[in-house]
Amino acid sequence: MKPMAFTYSIVAPIYNEMGNIAELHRRVSAVMESSDEGWELLLVDDGSTDGSTERIRELAEADEHVRPIIFARNFGHQIAITAGWDYARGDAVVIIDADLQDPPEIILELAKKWKEGYEVVYAVRAEREGESWFKKFTAAVFYRLIYMITDVKIPLDTGDFRLMDRKVVDVLKTMRERHRFPRGMSAWVGFKQIGVEYKRAARHAGVTKYPFKKMLRLALNAITSFSYFPLQVATYFGFFSAGLAILAIPVVAILRMRGSEFFGGQATTLISVLFLGGVQLISLGILGEYIGRLYDEAKGRPLYIVREAPED
Ligand code: UDP
Ligand code: MG
């Protein structure tokens, strides 16, 4: 028998989304059934502990469109997306948040652009509902900082919600880096890309799984994956302070010969030692960030461990 031809793979990473799974399935089904094309819904359980796993299994049993991928523990949102890429069989792969902040109805708008020939159609957050000013502010700073300092022009205000052609996903599947930033990776590969604006809704149920610490880690991953800028800052700073020191030598020498006490005293020495010591430690820390990542890559461990893969 010929394997069933799927057109769309919808991938939703799930970490403790008990209150959202049924509604997500209901809305995705309604949207996809209205389009009379083939589809599958990949629910990637990223080590949930709230009963989401059982809920996913139940859904998979009741609806053959649902394919569960269940991780052995929590590996993080980015890794769950990666598993989605790996298991997806569709001609187009859509990544969507499980909390319904990305309205499934937009999938058809993304698909329209795809059918016009675009290979990556990313959803741009024109408006965000129900998020704190702190979240919106840090997100805005984050997107702009990344845009400024990385070598890949990652479109502003886009999350992971996007549709990608099979060709693109096949390329992304070969990129096995451990510290990953999927939206950066999907910008890096090139292809024909376009954005579609949408209004980001409030969470359907539950709370955000991205505390400040995780956001910071994601930001660090984004920067280190796509830029050497932090490393170069240390070099710039070194040149700057060395240059300053060289200029200061004749100035201080002349002042001394004239009998001025201007740069004398312990405090001046202490301040400059502390300052340069601090800069050196920060530079070491930056180096450490990159070396730690290098070490993780060198270990070459699998990106995720699957306890239950889809049965087909
Ligand atoms: N998520 C995940 N693993 C994690 C954290 C989050 O799979 O370790 C999923 C989560 O279930 C949701 C999506 O990633 O479907 C986005 O997370 P969330 O809505 O908490 O982030 P926010 O929208 O607040 O930035
Ligand atoms: Mg969310």
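Start at 1 and go down the list; that is how both ligands and their atoms are numbered. Owing to the predicted nature of the structure, the values given are computational and were not obtained by experimental measurement.
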Check the angle between the aromatic planes of Phe275 and Phe237 and answer parallel, tilted or perpendicular using the 30° and 60° thresholds.
tilted
Within a distance under 4.0 Å of any heavy atom of Arg200, pick out the atoms of ligand 1 and give their elements.
23 (O)
Flag Ala80 as yes when one of its N or O atoms lies below 3.5 Å from any N or O atom of ligand 1, and as no otherwise.
no
Just need the protein heavy atom nearest to atom 24 (O) of ligand 1, so name the residue and atom and give the distance.
Thr208 OG1, 2.6 Å
Which of parallel (below 30°), tilted (30 to 60°) and perpendicular (above 60°) describes Tyr290 and Tyr228?
tilted
Considering His77, Met215, Arg203, Gln101, which one's heavy-atom position lies nearest to atom 18 (P) of ligand 1?
Arg203
Stepwise side chain to side chain donor-acceptor pair (under 3.5 Å) check, Tyr198 with Asp102:
CA-CA 8 Å; Tyr198 80 114; Asp102 308 327; 2.9 Å; yes
Does the residue Gln78 have a heavy-atom contact with ligand 1, meaning some pair of atoms that are separated by less than 4.0 Å?
no
Which residue and atom name correspond to the protein heavy atom nearest atom 15 (O) of ligand 1, and how close is it?
Pro13 O, 2.8 Å
Using a 6.0 Å cut-off, check whether atom NZ of Lys299 has over 12 heavy atoms from anything other than its own residue.
yes
Per-atom filter on ligand 1: closer than 4.0 angstrom to a heavy atom of Ile14 are 7 (O), 11 (O)
Minimal non-hydrogen separation, Asp160 against Ile95, with atom names
O-CB, 3.3 Å
Salt bridge (Lys or Arg N to Asp or Glu O under 4.0 Å) assessment of Arg176 paired with Asp86
CA-CA 11 Å; Arg176 303 312 284 181; Asp86 291 343; 3.0 Å; yes
Can you classify the ring geometry of Phe75 versus Phe71 as parallel (below 30°), tilted (30 to 60°) or perpendicular (above 60°)?
perpendicular
Do the charged groups of Lys167 and Asp170 touch, with an N to O distance under 4.0 Å?
no
Sidechain-backbone polar pair: Ser9 side chain, Val93 backbone, donor-acceptor under 3.5 Å
no
Would you call the rings of His65 and Trp39 parallel, tilted or perpendicular, where under 30° means parallel and over 60° means perpendicular?
parallel
Any atoms of ligand 1 less than 4.0 Å from a non-hydrogen atom of Ala98? List them with their elements.
15 (O)
Which heavy atom of the protein is the closest neighbour of atom 13 (C) of ligand 1, given with residue, atom name and distance?
Asp97 OD1, 3.7 Å
So do the side chains of Arg203 and Asn20 get within less than 4.5 Å of each other, counting heavy atoms only?
yes
For the residue pair Thr150 and Ile154, what are the closest heavy atoms and their distance?
OG1-CD1, 4.5 Å
N/O of Val207 under 3.5 Å from N/O of ligand 1, yes or no?
no
Under 3.5 Å, is there a donor-acceptor pair between the side chain of Arg200 and the main chain of Val124?
no
Tell me: protein heavy atom nearest atom 6 (C) of ligand 1, and distance?
Lys209 CB, 3.6 Å
Part of Glu17 within contact of ligand 1 (heavy atoms, under 4.0 Å):
side chain
Taking Ala123's backbone N and O only, do any of them form a donor-acceptor pair with Glu109's side chain (distance below 3.5 Å, no angle check)?
no
Just to be sure I'm reading this right: ignoring hydrogens, which of Phe161, Tyr15, Phe75 gets closest to atom 1 (N) of ligand 1? Compare them by their nearest heavy atoms.
Tyr15
The protein heavy atom nearest to atom 19 (O) of ligand 1 is Asp99 OD2, 2.6 Å
Ignoring water, what protein N, O or S atoms are under 2.8 Å from the Mg ion (ligand 2)?
Asp99 OD2, Gln101 OE1
To which protein heavy atom is atom 3 (N) of ligand 1 closest, and what is the distance rounded to 0.1 Å?
Asp46 OD2, 2.6 Å
Residue Gly76 vicinity, atoms of ligand 1 by number, heavy atom under 4.0 Å:
3 (N), 8 (O)
With the threshold set at 4.0 Å, does a side-chain nitrogen-carboxylate oxygen contact exist between Glu17 and Arg55?
no
Closest non-hydrogen protein atom to atom 21 (O) of ligand 1, residue and atom name please, with distance?
Tyr210 CD1, 3.2 Å
re atom 8 (O) of ligand 1, the protein heavy-atom contact at minimum distance is Lys214 NZ, 3.0 Å
Below 4.0 Å, non-hydrogen atoms only: which portion of Asn74 touches ligand 1? Side chain, backbone, both or neither.
side chain
